Amino acid sequence: MGYGFRMATDIIAAVVVGTTIGWYLDQWLGTKPILLLIFIAIGLAAGVRNVIRSYRVMAADLGTNTGVDTDDLSTPNKNDYDDDDKDRV
Amino acid sequence: MANEQAGEHGGGSTGMPDPMHQFEIKRILPLEIFGVDASFTNASLFMVLAVITASAFLLMSTSGRSLVPGRLQSVAEMAYEFVANMVRENVGTAGMKYFPFVFSLFIFILACNMLGMIPYTFTVTSHIIVTFALAAVVFIGVTIIGFARHGIGFLKFFVPSGVPAALLPLLVVIEVISYLTRPISLSVRLFANMMAGHTMLKVFGAFVVGLGALGGWAPLGFMVAFTGLEILVAFLQAYVFAILTCIYLNDAIHMHH
């Protein structure tokens, strides 16, 4: 319920944050379009990172039918997110 | 659509009520503190009403404290259990320290959303500044908790492990931006859901009036169904806000490592 919208806001918000940071860094350092373009790309990457995280939460919520191993998510106390880190490389 | 004159009276020359008219802020008690406009507006009124409603409900329902709960008391107990389980499942027992905050947040947003479902009321959570303030409190609070618990080591949260050194600077920047996204996505989600839903209700309400007794029945039927959906969304968004607060708390307390 509402997962699609959650992920859409995740991506959009990340791009907005990246664009804002790039815009102000450009203003500050006087490197007009370069940092803005770089930070839009980084913002998009951060948005995809957010969506991957949201997807893991969603998979944990919905159980097994998403085909993702959710053992490490259902017990946050265990502290082992190694799986997460391997995917990141 | 954004006809200023039509907006003034919620109708007018166009014959169609302005669907955005309901979100207008009106000053009830004009007040200025040190040059800052701190008027008591209809938004403030409904926030106060939400707090009063929630407090009155919880005080009334827990005043009896019978072993076999009555109707009111069992609703209050269900709300307590619901949030307590949410915190316990998402943060673990270490998070129960922050249960009062999550519970207040959930009940406040729920009360605001539900008050907004009553006709002629004002929906506080349909304003981005209100939801952003709530999200900023969560964001700043969680960041402080993270630094208080782990000290400067909390910065390791932004450094993914097992990454080649060449990629590390880029990934740290991505992680930091991803972290800064939280208050924005948290606030936009609640605000957009509430505003879109209430605008839809107004637009379809105008269809009912505009089509009259002949053709108005189809949008009326839709509105009845959509009102039900909106009540679900009002609850769901309060839940989503609370559960994401829990997830962020979990990140701050047990860092991903």
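Computed from heavy atoms alone, side chains included, the values below leave out hydrogens, waters and symmetry copies. No experiment lies behind these values; they were computed from the predicted model shown. The sequence lines fix the lettering, A, B, ..., with proteins before strands; numbering per chain opens at 1.
When all heavy atoms of B/Ile184 and A/Ala13 are compared, the closest pair comes out as CG2-CB, 3.6 Å. Minimum heavy-atom separation, B/Ile177 to A/Ala14: CG2-O, 4.1 Å.
To the nearest 0.5 Å, atoms CG (B/Leu180) and OG1 (A/Thr20) are separated by 10.0 Å. Remark: A/Thr9 OG1 to B/Leu190 CG distance equals 11.0 Å, nearest 0.5 Å. Distance check, rounded to the nearest 0.5 Å: CZ of B/Arg182 to CG of A/Asn50 gives 8.5 Å. Atoms CD1 and OG, from A/Ile42 and B/Ser178 in turn, are 12.5 Å apart once rounded to the nearest 0.5 Å.
Counting heavy atoms of neighbouring residues, nucleotides and ligands inside a 6.0 Å radius, atom OH of A/Tyr24 does not exceed 12 of them. No more than 12 heavy-atom neighbours from other residues, nucleotides or ligands sit within 6.0 angstrom of CD1 on B/Ile129. The 12-atom threshold is exceeded at CE of B/Met96, counting heavy atoms of other residues, nucleotides or ligands nearer than 6.0 Å.
With a threshold of 4.5 angstrom between heavy atoms, B/Leu186 does not approach chain A through any atom at all. For chain B, the nearby part of A/Ile21 is the side chain; its heavy atoms alone come within less than 4.5 Å.
Contact count against chain B (heavy-atom pairs under 4.5 Å) is highest for A/Val17 among A/Val17, A/Val48, A/Val15. Between chain A and the residues B/Val188, B/Leu170, B/Asn193, the largest count of heavy-atom pairs under 4.5 Å involves B/Asn193.
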Go through the steps to decide whether A/Arg53 and B/Ile247 satisfy the test side-chain contact (heavy atoms from CB on, under 4.5 Å), and finish with yes or no. CA-CA 11 Å; A/Arg53 258 199 208 113; B/Ile247 290 171; over 6 Å; no
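Contact of the A/Arg49 side chain with the B/Leu171 side chain is not registered, since no non-hydrogen atoms from C-beta on lie closer than 4.5 Å. Taking the side chain as every heavy atom from C-beta outward, A/Arg6 and B/Ser185 never approach each other to under 4.5 Å.
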